[in-house]
Each structure stands twice: as structure tokens, then as C-alpha cells.
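Let me begin by presenting the structure, written as C-alpha cells, before commenting on it.
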Amino acid sequence: MSRTEAVLAFDRLEEGKPRRVKVESEEIVLVRLKDKVYALEDRCSHEDYPLSEGWVDDGKLCCSLHGAQFDPATGEALTLPAYEDVRTYPTRVIDGTVEIDLEREE
Ligand code: FES
């Protein structure tokens, strides 16, 4: 089952700059790396801080509160103090628009 929502024009995403979007009740952070877009829940698994306040370093999404790093593609927690992964959502770009599947977890 899928529940796909169009969220943003692809060209409004800056390379390597996390961007928060709200889709229905879900807070999501988008990360653009080259021509790919990744979507993760906008909540660090350490202390629930918004990951959209962070930055991207060497392809990793960094939490600005205590510096934990996550893999944007898988949500895997790569460094302490976070040790739990964050949810990711499948994305696609159709006709220049980023779409997120809210039902299916990657
Ligand atoms: S809240 Fe993100 S590392 Fe602590």
C-alpha cells in the first residue's frame, strides 16, 4: 500500500541543506544529495531534536544539538550519542516535484 504526497519542487531544495516539510501530521526532513532526495522523520533519535536544524557533512545528516550523524538513505545512526535509527520514507521526483510515500518505510 502507498500514500504518496507531492511536497516540494525539486529545484527548491539546496544541495546538502536539510529542509523541513510537514505532510499531513508528519514532520519530515528532506536532504538533497546531487540528484537524489532522501526523506527522514524530522526527529533525532537521541533527544527528539529536529534534524532539519542540522547540516550535511560528507553525505551524512548531522544533528545540531549534540552532533549525532545519520545516513540519509537508510536512517541508520552512525555516531553516538544517537544509537537508534530514524525512520525513512521512499521518495521520487516526478516532473520536477518531490513526492514522498508516507505509508511504506524504506
Ligand atoms: S538530540 Fe540529536 S544528538 Fe542529541
Side-chain angles (χ1 to χ4, degrees):
M1 184 170 176
S2 79
R3 185 165 51 115
T4 302
E5 294 285 337
V7 292
L8 193 72
F10 177 76
D11 61 9
R12 292 187 62 197
L13 280 175
E14 268 181 65
E15 165 88 24
K17 185 163 187 257
R19 175 153 183 165
R20 180 187 189 111
V21 293
K22 185 164 184 177
V23 185
E24 298 180 6
S25 61
E26 316 239 5
E27 307 282 353
I28 294 171
V29 56
L30 299 177
V31 176
R32 175 182 171 183
L33 296 175
K34 298 197 171 120
D35 60 347
K36 299 206 91 173
V37 179
Y38 301 100
L40 307 89
E41 66 180 314
D42 192 14
R43 187 179 63 80
C44 180
S45 60
H46 177 230
E47 286 187 1
D48 295 343
Y49 197 73
L51 289 169
S52 56
E53 298 289 322
W55 64 90
V56 174
D57 182 24
D58 197 22
K60 299 173 193 114
L61 178 58
C62 305
C63 178
S64 62
L65 196 56
H66 308 108
Q69 297 182 339
F70 296 88
D71 182 332
T74 64
E76 180 184 0
L78 300 171
T79 62
L80 295 172
Y83 54 86
E84 291 180 16
D85 300 345
V86 297
R87 180 182 175 181
T88 58
Y89 303 82
T91 66
R92 62 184 184 178
V93 179
I94 301 291
D95 295 332
T97 300
V98 178
E99 296 182 352
I100 298 176
D101 186 338
L102 297 171
E103 289 290 330
R104 201 161 49 89
E105 289 192 38
E106 292 229 285

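Both ligands and their constituent atoms are indexed starting at 1 by order of listing. All of these numbers come straight from a predicted model, not from anything done at the bench. We count residues from 1, following the sequence as given.
Here the N, O or S atom of H46 that is nearest to atom 4 (Fe) of ligand 1 is ND1. Per residue H66, closest N, O or S atom to atom 4 (Fe) of ligand 1: atom name ND1.
The closest side-chain heavy-atom distance from P72 to L33 is below 4.5 Å. Counting heavy atoms from C-beta on, the side chains of L78 and K60 come closer than 4.5 Å.
The CG atom of D42 lies 9.0 Å from the CG atom of L30; values are rounded to the nearest 0.5 Å. Atoms CD and CG, on E41 and D85 in that order, are 10.0 Å from each other to the nearest 0.5 Å. Expressed to the nearest 0.5 Å, how far CD of E5 lies from CG of D101 amounts to 9.5 Å.
Against a heavy-atom cut-off of under 4.0 Å, A68 is close to the following atoms of ligand 1: 3 (S). For ligand 1, the atoms sitting less than 4.0 Å from at least one non-hydrogen atom of Y49 are 1 (S), numbered in the order shown with element in parentheses. Every atom of ligand 1 with a heavy atom of L65 under 4.0 Å away is listed here by number and element: 1 (S).
Judged purely by atom type and a 3.5 angstrom limit, R32 uses its side chain to pair as donor or acceptor with the backbone of L13.
Look at C44 and atom 4 (Fe) of ligand 1: no N/O/S atom of the residue is under 2.8 Å from the metal. None of the N, O or S atoms belonging to C63 lies under 2.8 Å away from atom 4 (Fe) of ligand 1.
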